[in-house]
Amino acid sequence: MGTYAVTGSASGMGSAVTERLSAAGHVVIGVDLHDAEIIADLATGGGRSAAAAGILERSGGVLDGAVVAAGIGPVPGPDRARRIAQVNYLGSVELLTALRPALAASGDARAVVFGSNSPTVMPQVPGLVFRAIRAGRVEQAVRRARIFGRAAPNFAYAASKLAVTDWARRAAVTPAWAGAGIRLNVIAPGPVKTPLLDEELADPVAARAFQSFPNPIGGVGDPGHLADWVMMMLSPAAAFMSGSVVVIDGGAEAWFRAGEWPRPVAIWHMPRHLWRWRAFSRLSSTDRAEPSSRPLPPSFH
């Protein structure tokens with residue numbers, strides 16, 4: 001039996017993950033605005049600090065895994081872009097950073113970040129907004145997003161998910177994460193039947209765009225199916241995963257960008273490629289992760 005932290009545990013995909021972990025016999029420390037073990041608003045610095053402190057106290061400083069599923073959707077609103085950046089990016093990055101020592105203490109932990117397919121299917125995600133969010137400069141990101149008017153929340157949402165995915169991929173392969181035995185990966189859903197999607201589709205403009213959007217499979221995802229994928233990413237099956245992005249979106253990303261991945265390393269990328277190769281070889285052996293010898297938990301057999 002392990003101990004796991006789940007944000008956004010009261011509804012949607014976070015709730016589905018919580019149910020599966022609990023059913024498997026694990027201790028789950030849920031974080032949400034209501035109906036959770038820890039009540040905290042991840043849109044505020046105080047809320048993020050309180051959530052981290054509560055998780056560390058309840059877990060005794062040792063976590064087997066963390067799932068950051070809390071998120072704000074791109075519905076219209078005067079302060080929506082700000083809350084999107086605060087919850088989707090800072091609520092994931094700051095919380096996971098604070099929990100990293102507890103994850104490392106387990107010796108073989110998993111962390112799953114909820115990204116989105118939106119950065120890969122939405123054209124022209126504003127680089128200025130993305131870079132501001134990635135640097136944690138929320139007010140700057142909001143000012144830059146405002147130039148898009150009513151569409152500001154949509155661009156802020158895509159930029160926030162791109163930023164958190166970028167952070168996770170960069171952090172995942174460092175000594176602080178991979179070297180500490182933590183497998184950090186990203187799940188990138190398309191539209192999933194959740195309260196967040198229902199709220200978004202309440203807007204007639206968004207609903208019309210949704211109906212015409214390419215989706216080879218059709219329909220929307222089921223929270224339980226996404227939770228099954230998260231359970232796999234928390235299990236021993238993910239022992240060799242680090243910095244991976246698992247896209248589950250009905251085929252939309254493949255429809256738009258089928259020829260863009262995989263691609264060989266271009267010749268003009270070779271200098272950086274070789275530099276990264278040599279940088280890894282300079283890491284001390286203590287900074288590199290060792291294969292886990294921990295037995296498989298019975299609940300995951």
Side-chain angles (χ1 to χ4, degrees), residues 1-72 83 85-115 136 160 164-165 167-168 171-172 174 176-187 196 223 226-227 230-231 233-235 238 242 294 297 299-300:
M1 186 174 68
T3 301
Y4 294 82
V6 180
T7 70
S9 60
S11 65
M13 291 176 281
S15 175
V17 171
T18 297
E19 290 174 3
R20 278 159 172 71
L21 284 169
S22 298
H26 301 294
V27 174
V28 182
I29 306 169
V31 179
D32 215 314
L33 294 171
H34 56 83
D35 300 323
E37 286 71 26
I38 298 172
I39 307 301
D41 185 357
L42 298 180
T44 69
R48 294 188 290 272
S49 296
I55 292 170
L56 293 173
E57 180 181 358
R58 286 173 175 264
S59 67
V62 180
L63 281 172
D64 294 283
V67 180
V68 285
I72 297 289
R83 286 187 62 82
Q86 290 168 333
V87 175
N88 295 4
Y89 183 73
L90 296 179
S92 298
V93 173
E94 288 189 2
L95 190 64
L96 278 176
T97 300
L99 298 181
R100 193 203 64 80
L103 292 164
S106 85
D108 184 27
R110 311 281 189 268
V112 180
V113 173
F114 267 75
S160 73
V164 76
T165 301
W167 172 83
T174 63
W177 291 85
I182 308 167
R183 277 63 167 176
L184 173 61
N185 295 287
V186 179
I187 189 165
L196 187 150
L226 270 295
V230 172
M231 290 296 287
M233 296 167 76
L234 294 173
S235 79
S242 179
R294 201 165 96 172
S299 58
F300 282 131

The test is side-chain contact (heavy atoms from CB on, under 4.5 Å); show your working for Gln86 and Thr44 and say whether it passes. CA-CA 7 Å; Gln86 290 168 333; Thr44 69; over 6 Å; no

Can you name the nearest heavy-atom pair linking [X] to [Y], along with the distance?
X	Y	value
Leu63	Ala109	O-CB, 3.9 Å
Asp108	Arg110	OD1-NH1, 2.8 Å
Ala104	Ala180	CB-CB, 3.8 Å
Leu96	Trp177	O-CH2, 3.5 Å
Ile182	Ala176	CD1-O, 4.1 Å
Ile38	Gly54	CD1-C, 3.3 Å

When rounded to the nearest 0.5 angstrom, what is the spacing between [atom1] in [X] and [atom2] in [Y]?
X	Y	atom1	atom2	result
Phe114	Thr165	CZ	OG1	12.0 Å
Asn185	Met233	CG	CE	5.0 Å
Thr97	Leu103	OG1	CG	10.5 Å
Thr18	Asp35	OG1	CG	11.5 Å
Asp32	Ser15	CG	OG	9.0 Å
His26	Leu234	NE2	CG	8.5 Å

Do side-chain atoms of [X] reach the backbone of [Y] as a donor and acceptor pair under 3.5 angstrom?
X	Y	result
Ser22	Glu19	no
Arg58	Leu56	no
Ser49	Gly46	no
Ser9	Ala36	no
Ser242	Ala172	yes

Given Val230 and Ile187, is the side-chain contact (heavy atoms from CB on, under 4.5 Å) satisfied, shown in steps? CA-CA 8 Å; Val230 172; Ile187 189 165; 4.0 Å; yes

So among Val87, Val93, Val31, Leu42, which one has a side chain to side chain contact (heavy atoms under 4.5 Å, CB included) with Arg48? Leu42

Set of salt bridge (Lys or Arg N to Asp or Glu O under 4.0 Å) partners for Glu37, sequence neighbours left out: none

Do the side chains of Leu184 and Trp167 get nearer than 4.5 Å, heavy atoms only? yes

With the side chain counted from C-beta on, respond yes when Asn88 and Val164 share a heavy-atom pair under 4.5 Å apart, and no when they do not. no

